[in-house]
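This report concerns only the one structure given below.
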Number of protein chains: 2
Amino acid sequence: MARRRRRVSPEQILHAAALEFAERGYAGARVDRIARRAAVNKAMLYYHFTSKQQLYRTLLRQMFSRAAERLQAIAGSNAAPAAKVDRVIAAIAAVIQEHPVFPSIMLREVAEGGAHLDRATLLALASVPRAVAAIVEEGVASGAFRAVHPVFAYFSVLAPIVFYLAGTPIRKELSHLHVIDLRALSPAEFVAAMQDAARRSFARDRRVRRAS
Amino acid sequence: MARRRRRVSPEQILHAAALEFAERGYAGARVDRIARRAAVNKAMLYYHFTSKQQLYRTLLRQMFSRAAERLQAIAGSNAAPAAKVDRVIAAIAAVIQEHPVFPSIMLREVAEGGAHLDRATLLALASVPRAVAAIVEEGVASGAFRAVHPVFAYFSVLAPIVFYLAGTPIRKELSHLHVIDLRALSPAEFVAAMQDAARRSFARDRRVRRAS
DNA sequence: CATAGAAAACTAACTAGTTAGTTAACTGAA
DNA sequence: TTCAGTTAACTAACTAGTTAGTTTTCTATG
């Protein structure tokens, strides 16, 4: 109690930066505001990070690396492919629950085309789809899955979760306008539905009727 | 040929604005750059649109309204629900092909939480999920679909397409780094795969094995 | 232990450049 | 003459990054 003069930690700045970048995007984020949110003098921020860009890259590299680590652990385990997909979906949801800024930053960076990222950050980002693709390829090779394209599988699983969770504020806005009657659908229910849908979508055929 | 002095049209400005907002986002977009892209004096831009914000809102209202119109036409037709879903997916892909800026702007706006939008624009935006939800609810009610939540259905269908198409530049960046070996997957193939996955995911049960 | 001096942590105020929006004056057609 | 359409130049506010100088903490030596 009553610590005399709280030391400035880079983590404290990264945390504030995550909130600011998630809310406003790279261009909309203000370094002064990040410093204020971190309760740190701006020059102190520049003492720890050389520029706004480097701060952003550090943040994203950290975020993507942590997410990829988890997925790689799942991919490397010896569960059945269908169980791995289930766990991947749960892991993505868990990472997002721990870092609620993740979906928004990811959406923005995809829209931006990776304009602010360097090689190292792109490498970290790429590990995420790679882990998912490895699981799907294994499932297809072993005959547990039908011949789904791993890139399609990646997007069809990740995109809805990220989109749904990033969209929470705008959905709140819309329901506030009484413009759409979104029957409550909690994140947990969404994840369960996604697991169910993925299972059905990847499962080997047992004759499916074609839509007219 | 050799038109003497092309009149400035608002459409020409809107077109340039769409490119700029898609590439840079609302905060990153520069009014000077929009004017230059439209080959128009900046004061002329302000002659037609009262502010950057109003230009943005006009653009988004137009885009969402056009997309919603198409989906409403499909929802109102008398095809079977499964066929309607097929057509909705194709229609979303078609709208995006005609307006390649759509996915990027949509991703950004979701991430932003609708911060720059007014009531009219939010209304136009809401019409898109409403049309999809109506189709799914009809399918569930008629027994053609299993009991999928319409909000989940909307996200599981729309998000992958938007994400995949918005992600084209960053995927190009990644494959350029030889960091991931994305077997070519064309937009047309992606759409077909999405239609297939949706059919499987919404179809009424005929016993599905649970993943361990 | 005491303390000088170096290194690290910290700050208020500043700078150079940018940006949305304005203005005052001009042009040509009805 | 009138006035919608058009322009270059301007302005007030903002923004990333810097600087010059202060305070705290660490370290080594008598």
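First the proteins, then the strands, lettered A, B, ... as listed; each starts at 1.
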Whole Å only: how far is the [atom1] atom of [X] from the [atom2] atom of [N]?
X       : N      : atom1 : atom2 : answer
A:Leu45 : D:dT18 : CG    : P     : 12 Å
A:Met44 : C:dC10 : CE    : C1'   : 6 Å
A:His48 : C:dC10 : NE2   : P     : 6 Å
B:Ile34 : C:dT19 : CD1   : P     : 12 Å
B:Gln54 : C:dA20 : CD    : P     : 16 Å
A:Arg36 : C:dC10 : CZ    : C1'   : 18 Å
A:Phe49 : D:dA16 : CZ    : P     : 16 Å

Look for any protein N or O under 3.5 Å of an N or O in nucleotides 9-12 of chain D and output each such pair with its distance, or none.
none

List in chain and number order the residues that pass ring-ring contact (aromatic ring centres under 6.0 Å, His included) with A:Phe190, two or more places apart in sequence or in another chain; answer none if no residue qualifies.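 By the ring-ring contact (aromatic ring centres under 6.0 Å, His included) rule, A:Phe190 matches A:Tyr164, B:Phe152.
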Mind checking ring-ring contact (aromatic ring centres under 6.0 Å, His included) for B:Phe163 and listing every partner two or more places apart, or none if nothing turns up?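 B:Phe163 satisfies ring-ring contact (aromatic ring centres under 6.0 Å, His included) with no other residue.
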Which residue pairs pass the side-chain hydrogen bond (donor to acceptor under 3.5 Å, both in side chains) test when at least one of the two sits in residues 114-123 of chain A, sequence neighbours left out?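 Of all non-adjacent pairs touching residues 114-123 of chain A, those that pass side-chain hydrogen bond (donor to acceptor under 3.5 Å, both in side chains) are A:Glu112-A:His116, A:Asp118-A:Thr121.
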On DNA chain D, nearest-nucleotide positions of A:Asp32 versus B:Tyr47: which is more 5'?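 Whichever sits nearer the 5' end wins; that is B:Tyr47.
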Under a 3.5 Å distance rule, please check whether B:Glu20 uses its side chain to pair with a backbone N or O of B:Arg30 as donor and acceptor.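 Side chain of B:Glu20 to backbone of B:Arg30, a donor-acceptor pair under 3.5 Å: yes, one is there.
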Student check: side-chain heavy atoms of B:Asp196 and A:Arg146 closer than 4.5 Å: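 Touching, per the 4.5 Å side-chain cut-off.
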Just to be sure I understand the geometry, which residues of residues 18-30 of chain A put a non-hydrogen atom under 4.0 Å away from DNA chain D?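 Per residue number, the list reads A:Ala29, A:Arg30.
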Any residue meeting salt bridge (Lys or Arg N to Asp or Glu O under 4.0 Å) with B:Arg24, in chain and number order, not counting sequence neighbours: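 Partners of B:Arg24 by the salt bridge (Lys or Arg N to Asp or Glu O under 4.0 Å) criterion come out as none, since no residue qualifies.
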Counting side-chain heavy atoms from C-beta on, which of D:dT18, C:dA20, D:dT6 comes nearest to A:Tyr46?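 My answer, after comparing the listed nucleotides, is D:dT18.
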What nucleotide among C:dG21, D:dA16, D:dG5 has an atom nearest to a side-chain atom of A:Lys52?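 Looking only at heavy atoms from C-beta outward on A:Lys52, the closest nucleotide is D:dA16.
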Side chain to side chain donor-acceptor pair (under 3.5 Å) with A:Glu23: which residues, sequence neighbours excluded?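 Scan of A:Glu23 (side chain to side chain donor-acceptor pair (under 3.5 Å), adjacent residues dropped) gives A:Arg37.
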Which residue pairs pass the salt bridge (charged side-chain N to carboxylate O under 4.0 Å, His left out) test with at least one member in residues 39-62 of chain A, sequence neighbours excluded?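 Sorted pair list: A:Asp32-A:Lys42.
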Which pairs with one or both residues in residues 80-100 of chain A pass ring pair (Phe, Tyr, Trp, His ring centres under 6.0 Å), sequence neighbours excluded?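 Every candidate ring pair (Phe, Tyr, Trp, His ring centres under 6.0 Å) pair involving residues 80-100 of chain A fails, so no pair, neighbours aside, qualifies.
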